[in-house]
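In this text the structure is predicted, and so the values were computed from the model without any measurement. Residue numbers begin at 1 in each chain, while the letters A, B, ... track the order of the sequences.
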Number of protein chains: 2
Amino acid sequence: MASRSKPVSSGNSPANSRGKPTLRTIADITGLAVTTVSRALANAPQISIETRNRVRQVALDIGYSPDRAAQRLKTGRTNVIAVLLEPHEEILGYGTSVMAGIAKALQGTAYHLIVMPNFLNTANIDAINYIIRNSMADGLIFSRTEPLDPRVMLLSENGFPFVTHGRTELATAHPFVDYDNFTFAYEATRRLIAKGRRRLALISGPAGYTFAGHIQHGFMTAVREAGCAYEILSDIDLDSPAGAIRDRIRRRYAENDPPDGFTCGGEVCALATITGMTDCGLTLGLEYDIVAKQTSQLLGAIQPRVDTIYEDLTATGEHMGRILLRRIAGSTDINELQLLLNPELPFETQPASVAD
Amino acid sequence: MASRSKPVSSGNSPANSRGKPTLRTIADITGLAVTTVSRALANAPQISIETRNRVRQVALDIGYSPDRAAQRLKTGRTNVIAVLLEPHEEILGYGTSVMAGIAKALQGTAYHLIVMPNFLNTANIDAINYIIRNSMADGLIFSRTEPLDPRVMLLSENGFPFVTHGRTELATAHPFVDYDNFTFAYEATRRLIAKGRRRLALISGPAGYTFAGHIQHGFMTAVREAGCAYEILSDIDLDSPAGAIRDRIRRRYAENDPPDGFTCGGEVCALATITGMTDCGLTLGLEYDIVAKQTSQLLGAIQPRVDTIYEDLTATGEHMGRILLRRIAGSTDINELQLLLNPELPFETQPASVAD
DNA sequence: TCGTATGATGAAAACGTTTTAAATGGGCGA
DNA sequence: TCGCCCATTTAAAACGTTTTCATCATACGA
């Protein structure tokens, strides 16, 4: 009894020792117990509806918000989503767009987005191990999957919630959002063919990534259907510095039977290709054409004559965020955890967008 | 006595209920008290050196790492740095570069980087208020300051540690990292003049931001020194869509005395300018010149004839991170909390880089 | 031999939550 | 009237740290 008898509504005592209102503050004001307040705020059915409302009102009045550290300590949930940032993502705002999307999905939830950059250019399996072992997040998002991605395997084995940007060829299904790069490359290449181009070249993603294979597959399917000459430009890929791509194009043009149509997996690489061709005295739309994947507004304005197919990275991020939340909430229904975005459809009409 | 007598080294008991080793685990293994273990790991001088080593070894062996939530709850420190992400930062990887730099500075420390995107296009004063009130981070980083930036005022008043990318004109000094945009614009414009250009135009930052003023000031100083004709292109700025800039250039060229030299504050805007001029039948390096600020490898490779002056955003981020850590650690020495990066010097030779 | 300074360790409380288990009191059937 | 159940509410423990204060040898000067 002598120990801490309830101060019975200490009136205007607004906060605790640190100055921030806590459950205890609300308890003192309402005359309820901390337990009750906690339950009321959690909307527990066992608390009477009047009490719930009263508590909520007081919480609002004094500007209460729960202490994340305490919640995390008690529940074991971190309320954190981690995104692995790759060096390649610096270019053209890939990372920023995706993160903006993720953040959008996380808006209004208790989740925060933390960024874990991968400095070592290694596969970031160590970072993932670290995150799992120290339970630093409730879920993980990363991009650029490989067909047999060791990161996916590690996470799957540990039952750690994650979503990838990109698919794998692993037996066990896992949550992902992916852009249909096959269709992209197929359609892009067909557009070149429709423009009358017959000697086609592809600048694809870096070898080893699943999406690079999809792009090549789409390209190959289109050129074989049409029976065109084709080549996949060696020594360079989407991640190559623009200068390297430009030089490669110049070199290629000096050789026999240069391409007259380019399927480019990215904007920078399209610009670099144009630069190289311009240096050789060729004009886009006249002697050759380009169809490129577009992920920003840059290309459309700079080079309107580059035909593009759009990939909405912010939407991708938003989908990944939503799917991850579902996964964390316990969903195992793979249908609502996987999403293949269609190059044609705008964001609004995508299925998962209306799912919740 | 009956209560919890020490299990005296329960041998191979590796972890707690949740499966993660804790201080208690180490305490049980070593036979020490939790207090002692905590102190040993904190390298407290009162703990004998042998004990410290032994504890550290055991911690290493069992893969202990402290629970952030518990630390945070107890100490009130979050070990989190928040960075406010602006919409404009999607373009050309500004945000990603800066974040990569910040993360680099945070590497090896206990700090995590969390991203708070600013969706409302408003001044993000609300987000900052939220961060302060709920003590969601130990420090804050944001960019694009205004001369009388209300965010800076709010944070200063609350004594909340922060670093800005950009200066203000407020009376009370605050930590910042800034690029010397005056010198950039001054030198850029002088280069145009040196190339013989005499009708100069500027595409500056959006009105209202401090750095836009600096750029204009540098530009004006150079053109007045040389007595050239000049103009600051109205209706557009660095943040304008590339298409808008291109159109504006075309329109301007249709009028009297079009410019023959452009000082561009960014790469996209330089490319858009080139596009507009090309549309008017003009060739870069022949009829006109451009000097632009470069923040990526894009422009150099695409348009080598654009003269550029480099701003290293990753380095900027790294400096901001380091300065913020100093500030959080309690430094009030304004000399080591402010840094004006010189356009000429490469990163390695900057003062703050060697400071620690 | 005693008291005390010293160097090392330990017990317990606290941070703010959630959760398990228990208490309270009224209503109701028998 | 009694016992029981239901609807609410509460007490207390726990999550894993850090920190305040206390304990305990041991050594030391007298």
Partner set under side-chain hydrogen bond (donor to acceptor under 3.5 Å, both in side chains) for [X], not counting sequence neighbours:
| X | answer |
| --- | --- |
| A/Asp67 | none |
| A/Arg327 | none |
| A/Arg52 | A/Asn43 |
| B/Ser331 | B/Glu336 |

Rounded to whole angstroms, how far apart are [atom1] on [X] and [atom2] on [N]?
| X | N | atom1 | atom2 | answer |
| --- | --- | --- | --- | --- |
| A/Arg68 | D/dG16 | CZ | P | 19 Å |
| A/Arg52 | D/dT9 | CZ | C1' | 13 Å |
| A/Asp67 | D/dC15 | CG | P | 18 Å |
| B/Leu32 | D/dC24 | CG | P | 17 Å |
| A/Asn53 | D/dT8 | CG | C1' | 15 Å |

Has [X] got a side-chain N or O lying under 4.0 Å from the OP1 or OP2 atom of [N]?
| X | N | answer |
| --- | --- | --- |
| A/Ser38 | C/dT18 | yes |
| B/Thr51 | C/dT9 | yes |
| A/Thr35 | D/dA12 | no |

*Within the distance-only criterion (no hydrogens, no angle test), does the side chain of A/Asn129 pair as donor or acceptor with the backbone N or O of A/Asp126 below 3.5 angstrom?*
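No.
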side-chain contact (heavy atoms from CB on, under 4.5 Å) against [X], all qualifying residues, sequence neighbours excluded:
| X | value |
| --- | --- |
| B/Ser38 | B/Leu23 |
| B/Ala42 | none |
| B/Gln46 | B/Arg39, B/Ala44 |

*For DNA chain C, the residues among residues 39-49 of chain B that have a non-hydrogen atom under 4.0 Å from it*: B/Arg39, B/Gln46, B/Ile47, B/Ser48
Please tabulate, for side-chain N and O atoms in residues 58-65 of chain A, each donor-acceptor pair with protein atoms closer than 3.5 Å (sequence neighbours left out).
residue	atom	partner	partner atom	Å
A/Asp61	OD1	A/Gln57	NE2	2.9
A/Ser65	OG	B/Asn134	ND2	2.9

*Name every residue in residues 69-77 of chain A that has at least one heavy atom under 4.0 Å from any atom of DNA chain D, in order of residue number, or write none if there are no such residues.*
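Within residues 69-77 of chain A, the residues near DNA chain D are A/Leu73, A/Lys74.
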*Determine whether A/Leu113 and A/Met99 make a side-chain contact, defined as any pair of heavy atoms from C-beta on separated by less than 4.5 Å.*
yes
*Take A/Pro66 and B/Arg54, find for each the nucleotide of DNA chain C with the closest heavy atom, and name the residue whose nucleotide sits nearer the 5' end.*
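First, find each residue's nearest nucleotide; the 5'-ward one identifies B/Arg54.
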*State, to the nearest 10°, the angle formed by the axis through the first five base pairs of the helix from C/dT1-D/dA30 to C/dA30-D/dT1 and the axis through its last five.*
70°
*asked:* B/His174: which residues meet the ring-ring contact (aromatic ring centres under 6.0 Å, His included) condition with it, sequence neighbours left out?
replied: B/Phe162
